[in-house]
There are 2 protein chains.
Amino acid sequence: MARIKTDKNVSRKDVIVTKAATLFREKGFKAASMRDLAESVGVEAASLYNHIKSKTELLHEICFSVANRFMHKIDEIEVEPIPSIEKVEKLLRFHISEIINHYEEVYVSDREWKHLADPYLSNFQNQRRIYRKRFAAIIESGIRNKEIKKIDAPTAVLIMLHAISGIESWHRSTQKISAEELEANMITILVGGLINK
Amino acid sequence: MARIKTDKNVSRKDVIVTKAATLFREKGFKAASMRDLAESVGVEAASLYNHIKSKTELLHEICFSVANRFMHKIDEIEVEPIPSIEKVEKLLRFHISEIINHYEEVYVSDREWKHLADPYLSNFQNQRRIYRKRFAAIIESGIRNKEIKKIDAPTAVLIMLHAISGIESWHRSTQKISAEELEANMITILVGGLINK
DNA sequence: TATTGAAGCTAACGTGTGTTAGCAAGTTTT
DNA sequence: AAAACTTGCTAACACACGTTAGCTTCAATA
């Protein structure tokens, strides 16, 4: 009889969620079936329901674990006594490292959150909106201090966040530069485009 | 008996494809059903098949019409006798105007191409790869001419293309700046981050 | 070793899917 | 007005999906 293998500190549910993230990334949430997931876990589809409540629950877990990490980080950075442009740089570096180290989850959270069901959907959208506003506020304060060019802050946030999601393509590409080089290039272009000089 | 309305020069198939683009954008390709589409066209699901071959065909049409427009544009720009940095700017402006004027199609082509079936899938991926290489070549030539900072050109392309796809969010947002302002901000940040000075 | 709870299995359900067949209504051409 | 073609409809198909019920097997505890 098949059995889901677990290490210490990793519940069987965690294993399922992780495999789900990979599958949702590869095929998209809707196109990935519970039978696909079961196969990748090494078990029958019905057996998954001993550990999870529903397919959507898997998406919740993925999306909110990612969103929470970003929220905690911006909490932390916001209150640091450093110039705004450095806050922006820190945030960008965090985004980059998150997408490199938690590729599947971040990707899914970014592209598949549409398939969340209310009330999770509204909740997620709210968090996202708030996050972007706080990010924009940092940029605006940088503009007031003349550290940053006079630009529309919300637009700048959009550009930053989406630009960084380009790493998804880098992650899948075969002939790639190192993660460090990638990060350096990103910062050069993005922060370089902001700085007022 | 219901009937699909058409203007001159717009076939019934075109009407279906357009509505499909909207639906695929809203729900995603997999989650959008032919019955949904039929309703939005004002007809029964089975009737759609008098005009189209399959659901996937709709996706082909959307993805390749978008891809072709970009290919033709880069053909055109590549041979112009202007500095590389201006070529980059022209390409960016084209991307921006495409996403503003053909929002639904471009969005779908960007995010739903995964659901294409071979041989269209490989074909599409190839076109994408080639496009990015040609874009990167323009940047590399700009680096050689010292117009552009020394950066990894493929990374720069990723950043540009994804940054621009951020306009999707702008497009749906309620309190937005004008399209002209948006374009100006984008160019400032992106081109500003490239220029060697 | 006996007991118990966790974790797996098979079978099946109801529903929604893309698509086809066959026919009726409407429009254009002769 | 007849013929030919286009466009729509109803009904139904085969299938894949998420999920549940009920039972068995395994592993840990007493």
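So that the names make sense, note that chain A is the first sequence line, chain B the second, and so on, each numbered from 1. Every value quoted in this text rests on a predicted model; they were computed, and no experiment measured them.
Judged by distance alone, with hydrogens and angles left aside, the side-chain atoms of B:Lys73 form no donor-acceptor pair with the main-chain N or O of B:Phe94 at under 3.5 Å. At least one donor-acceptor pair under 3.5 Å links the side chain of A:Asn185 to the backbone N or O of B:Asp152.
Between B:Asp75 and B:Arg134 there is a salt bridge, with a side-chain nitrogen of the basic residue lying less than 4.0 Å from a carboxylate oxygen of the acidic one. In this structure, A:Lys19 does not pair ionically with A:Asp14, as no charged nitrogen and carboxylate oxygen lie closer than 4.0 Å. Looking at B:Arg93 and B:Glu89, a side-chain N of the basic residue comes within less than 4.0 Å of a carboxylate O on the acidic one, giving a salt bridge. Under 4.0 Å is where a charged nitrogen must lie from a carboxylate oxygen, and between B:Glu26 and A:Lys114 no such pair does. Salt bridge annotation for A:Lys30-A:Glu112: absent, with no cationic side-chain nitrogen under 4.0 angstrom from a carboxylate oxygen.
Counting only heavy atoms from C-beta outward, the side chains of A:Met186 and A:Leu92 never approach each other to under 4.5 Å.
Put simply, NZ on A:Lys13 is 15 Å from C1' on C:dA7, counting in whole angstrom units. Between the C1' atom of D:dC15 and the NZ atom of B:Lys30 lies a distance of 12 Å, rounded to the nearest Å. For the pair A:Glu44 CD and D:dA21 P, the computed distance is 19 Å after rounding to whole Å. Across the protein-nucleic acid pair, B:Arg12 atom CZ and D:dT6 atom P stand 12 Å apart, rounded to whole Å. Rounded to whole Å, the distance from CZ on A:Arg3 to P on D:dT24 is 18 Å.
Residues from residues 31-39 of chain B with heavy atoms under 4.0 angstrom of DNA chain C, sorted by number: B:Ala32, B:Ser33, B:Met34, B:Arg35. Of the residues in residues 45-57 of chain B, B:Ala46, B:Tyr49, B:Ser54, B:Lys55 come within less than 4.0 Å of DNA chain C through at least one heavy atom, sorted by number.
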